[in-house]
Colleague: 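The structure under discussion is supplied below as structure tokens; questions concerning it will follow.
All chains are named by letter (A, B, ...) in the order of the sequence lines, taking the proteins before the strands, and each is independently numbered beginning at 1.
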Number of protein chains: 2
Amino acid sequence: MDLDVRRLRVLHEVALRGGVTAAAAALHVTPSAVSQQLAQLAREAGYPLVERSGRGVVLTSAGQVLAVHAERILGAVEQAVTGLAVAHRRVAGTVRVGSFPSAAGALVAPAAARAMAAHPDLDVRVSEAEDEQSRLDLRSAVLDIAVLQEYDHVPGIATAELDRHPIATDPMHLITPSGWGRHTGRLGDLADVPWVASAAYTPCGRSTLHACHLAGFEPDIRHRAIDFALTLDLVAAGLGAALVPGMALRNVPAGVHVEPLVRPVTGRRIFAVTRPRGDGPVHPAIAAVLDALAQVRPPAGTQTTRLAAGVAAAMR
Amino acid sequence: MDLDVRRLRVLHEVALRGGVTAAAAALHVTPSAVSQQLAQLAREAGYPLVERSGRGVVLTSAGQVLAVHAERILGAVEQAVTGLAVAHRRVAGTVRVGSFPSAAGALVAPAAARAMAAHPDLDVRVSEAEDEQSRLDLRSAVLDIAVLQEYDHVPGIATAELDRHPIATDPMHLITPSGWGRHTGRLGDLADVPWVASAAYTPCGRSTLHACHLAGFEPDIRHRAIDFALTLDLVAAGLGAALVPGMALRNVPAGVHVEPLVRPVTGRRIFAVTRPRGDGPVHPAIAAVLDALAQVRPPAGTQTTRLAAGVAAAMR
DNA sequence: CCAGCGTTGTAGCGTGGCTACATGGATCTG
DNA sequence: CAGATCCATGTAGCCACGCTACAACGCTGG
């Protein structure tokens, strides 16, 4: 009984994505192929692994057990590949990095360029995605590094069982139309103005709300943006004040006043996660990108604090 | 890059057996198939894994690294199967036990019968083999349990990186033709008689020699046996004295006097080894056989001491 | 230097996995 | 409550991969 890795990857993907169709999409095959592989794996394992539930499927207890082991096995395979690269001290190959939008341009793009310049055989690929999708893609080896964020006082994404590499802290800034002239840096002084915020389902939107509550008022949110560029434009148009992380302040349009938020001080932590490597080494190519991420200086105009200390050390 | 388990098993086998042909034999395929799989694996890994050396091949450094990881991966796969069986508390399947000759009949056969009687879905298969071959077959998953021996003062087989389960200690006995009448139990009193010993390359043969040296004399070894039955027949024929472990004394022919060796006291330890399971559980079927091995009472006439204590505990 | 062993290439066959399509069950909607 | 939709699973057929059998080649030991 030999439990092919290919099949185990299928099971893992079904467990991760919650269905045959989603797993098939992630694996770039048809649902039929996934279904057949699952059936074959169940035959080999001796127990049914999934059972139908409504429109979809759920894992049986055997399926859950095997899925957990599958992730370990896939990890062991990855460690073998890493072992080969480490033995040859070769920084080469493709590293796929997923990042939430505002860090993708400000942090990941320069880090990718820096890493590729330093290592000619290294190929870094960046993809912009929301945190949760990055996390899933990381676990299913679509990505090698996920750059995630965690706002103060807002529950972050679950990163247990993933390796965490701090990159930077990014304090919130208060932006107001220049014409207002109310530049105290204190949130409480802006309780009576209209607000611009990120969408309610985003951690930034939740963070804004929480910060206002800390300052003792309920913000009158008139406009909702997804992209920080729109937030800036709305503020530039005089339609309200907003709270944005420093990294979003690379290209501030005219008519916007920026100041650090001094009361209450709040912000977000930016960090990278990788698949757990146990007690083994990090793949040299991934280590090179993590290094570049830790060392990149955010573009002028941002107020982000680097956290290079310890990151390079943590990688080896 | 996905490194199929099947291929990794091929590499592992080549590393273990030291050649393509030997690995092919162990895997029940032709050498050509092994060679092709190896070439394919090298292509996937990105490095050559073997290089020709004289008539055979040796692993490159990359090959060695990958072989080590291969064993871990194969272990992880086995732990997955074990996890399924444990989750269903099902003592079923085939357990292959390899044993050195004298324990195979005295210990393993009754243990196998006992285990199969207790668990109807359990299939135990016994094969007699020398320690070193059992060890190799255990590591390449041809066997699930290897029953090995270790004589006092004789270097035993390397069992590092294998899980060890003590079964019994087996003290040496002095056997002499009945007619001699020299029954002191002391080796030193038999310095001037002819001897029968096991072949020089066997640990028992070496043990006999060492015991005589401890007693201060060089034995005059006239006859060499492989099987203890022949040893007994030679002694029964009056051709010499011999030193044999208690377990070999199940069917003592007429004309042989048996007494425990009291000076010097020496013997062998009998133990089972299994593939390392890390911090995971033992497969229920294997645990059942280990349990039976620990609990079996050696047939009447032997002088073996059971070591049941702690074995059952160690298994869970 | 030849015989033999061991590994590697090549042709051909069989197995197995994939796609495309069809089927069947469950949920949502008008 | 029926039709639409979504999701998983069977079926047929094609393609790719791995195996065997056979041949060739290199090294070693007598």
Side-chain angles (χ1 to χ4, degrees), chain A residues 1-60 62-64 66-67 70 74 77 136 140, chain B residues 1-60 62-64 66-67 70 74 77 136 140:
Chain A
M1 193 199 310
D2 230 13
L3 301 187
D4 184 25
V5 253
R6 198 166 173 65
R7 285 192 242 275
L8 290 172
R9 169 153 283 141
V10 168
L11 175 65
H12 179 233
E13 211 64 46
V14 170
L16 210 59
R17 313 273 175 178
V20 172
T21 303
L27 293 165
H28 303 112
V29 294
T30 60
S32 184
V34 169
S35 184
Q36 290 174 54
Q37 292 286 30
L38 226 44
Q40 180 61 29
L41 186 61
R43 222 166 296 135
E44 288 174 4
Y47 302 98
L49 302 175
V50 297
E51 57 187 8
R52 305 208 51 154
S53 164
R55 279 207 279 217
V57 290
V58 292
L59 294 191
T60 62
Q64 291 171 15
L66 196 54
L74 293 170
V77 170
L136 283 178
S140 64
Chain B
M1 194 197 314
D2 231 13
L3 300 189
D4 184 26
V5 214
R6 196 164 175 65
R7 284 192 241 276
L8 290 171
R9 170 154 282 140
V10 168
L11 175 65
H12 180 234
E13 211 63 45
V14 169
L16 211 59
R17 313 273 176 178
V20 172
T21 304
L27 293 166
H28 302 112
V29 295
T30 60
S32 184
V34 169
S35 183
Q36 291 175 53
Q37 293 287 25
L38 227 43
Q40 180 62 29
L41 186 60
R43 222 166 296 137
E44 289 173 3
Y47 303 98
L49 300 176
V50 297
E51 58 187 9
R52 306 210 50 154
S53 164
R55 280 207 279 218
V57 291
V58 292
L59 294 191
T60 63
Q64 290 171 15
L66 197 53
L74 293 170
V77 171
L136 283 177
S140 63

Colleague: Could you tell me the separation between the CD atom of B:Glu13 and the P atom of C:dT7, rounded to a whole number of Å?
Modeller: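 Rounded to whole Å, this separation is 14 Å.
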Colleague: Any side chain to side chain donor-acceptor pair (under 3.5 Å) involving residues 29-39 of chain B? Give me the pairs, sequence neighbours left out, ordered by first then second residue.
Modeller: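 Pairs touching residues 29-39 of chain B that pass the test: B:Arg7-B:Gln37, B:Ser32-B:Gln36.
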Colleague: Which distance, rounded to the nearest 0.5 Å, do you find between the CG of A:Asp4 and the CG of A:Leu41?
Modeller: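 The CG atom of A:Asp4 sits 9.0 Å away from the CG atom of A:Leu41.
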Colleague: Once each nucleotide of nucleotides 19-25 of chain C is scored for protein heavy atoms under 4.0 Å, what B/S/- sequence comes out, 5' to 3'?
Modeller: BB---B-
Colleague: Quick check: closest heavy atoms across A:Ala67 and A:His12, and the distance to 0.1 Å?
Modeller: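 Taking every non-hydrogen atom into account, O-CD2, 4.4 Å.
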Colleague: Which heavy atom in A:Val5 sits nearest to a heavy atom in B:Leu3, and how many Å separate them?
Modeller: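 Here A:Val5 and B:Leu3 meet closest at CG2-O, 3.9 Å.
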Colleague: Could you pull out the closest heavy-atom pair between B:Pro31 and B:Val20, with the gap in Å?
Modeller: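 Closest approach of B:Pro31 to B:Val20: O-CG1, 3.5 Å.
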Colleague: Send over the distance from B:Leu38 CG to C:dG9 P, rounded to a whole Å.
Modeller: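 About 11 Å, once rounded to whole Å.
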Colleague: Taking only the side-chain nitrogens and oxygens of A:Gln37, find out if one of them lies under 4.0 Å from OP1 or OP2 of C:dG16.
Modeller: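 The answer is no; no side-chain N or O of A:Gln37 sits under 4.0 Å from OP1 or OP2.
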Colleague: Take A:Arg6 and B:Thr21, find for each the nucleotide of DNA chain C with the closest heavy atom, and name the residue whose nucleotide sits nearer the 5' end.
Modeller: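 Closer to the 5' end of DNA chain C: B:Thr21.
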Colleague: I need the B:Arg9 CZ to B:Leu74 CG distance, nearest 0.5 Å.
Modeller: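 Separation between the atoms: 4.5 Å.
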Colleague: Please state how far atom CD in A:Gln40 lies from atom C1' in C:dT15, giving the value in whole angstrom units.
Modeller: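 For the pair A:Gln40 CD and C:dT15 C1', the rounded distance is 12 Å.
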Colleague: Please list, in 5' to 3' order, the outermost nucleotides of DNA chain D lying under 4.0 Å from any heavy atom of chain A.
Modeller: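 So the outermost contacting nucleotides come out as D:dT5 to D:dT11.
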Colleague: Just to verify, which of A:Val58, A:Leu59, A:Val57 counts as forming a side-chain contact (heavy atoms from CB on, under 4.5 Å) with A:Glu51?
Modeller: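 The passing option is A:Val58.
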Colleague: So, the side chain of A:Ser140 versus the backbone of A:Glu13: is there a donor-acceptor pair under 3.5 Å, distance only?
Modeller: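 Looks like no, no N/O pair under 3.5 Å.
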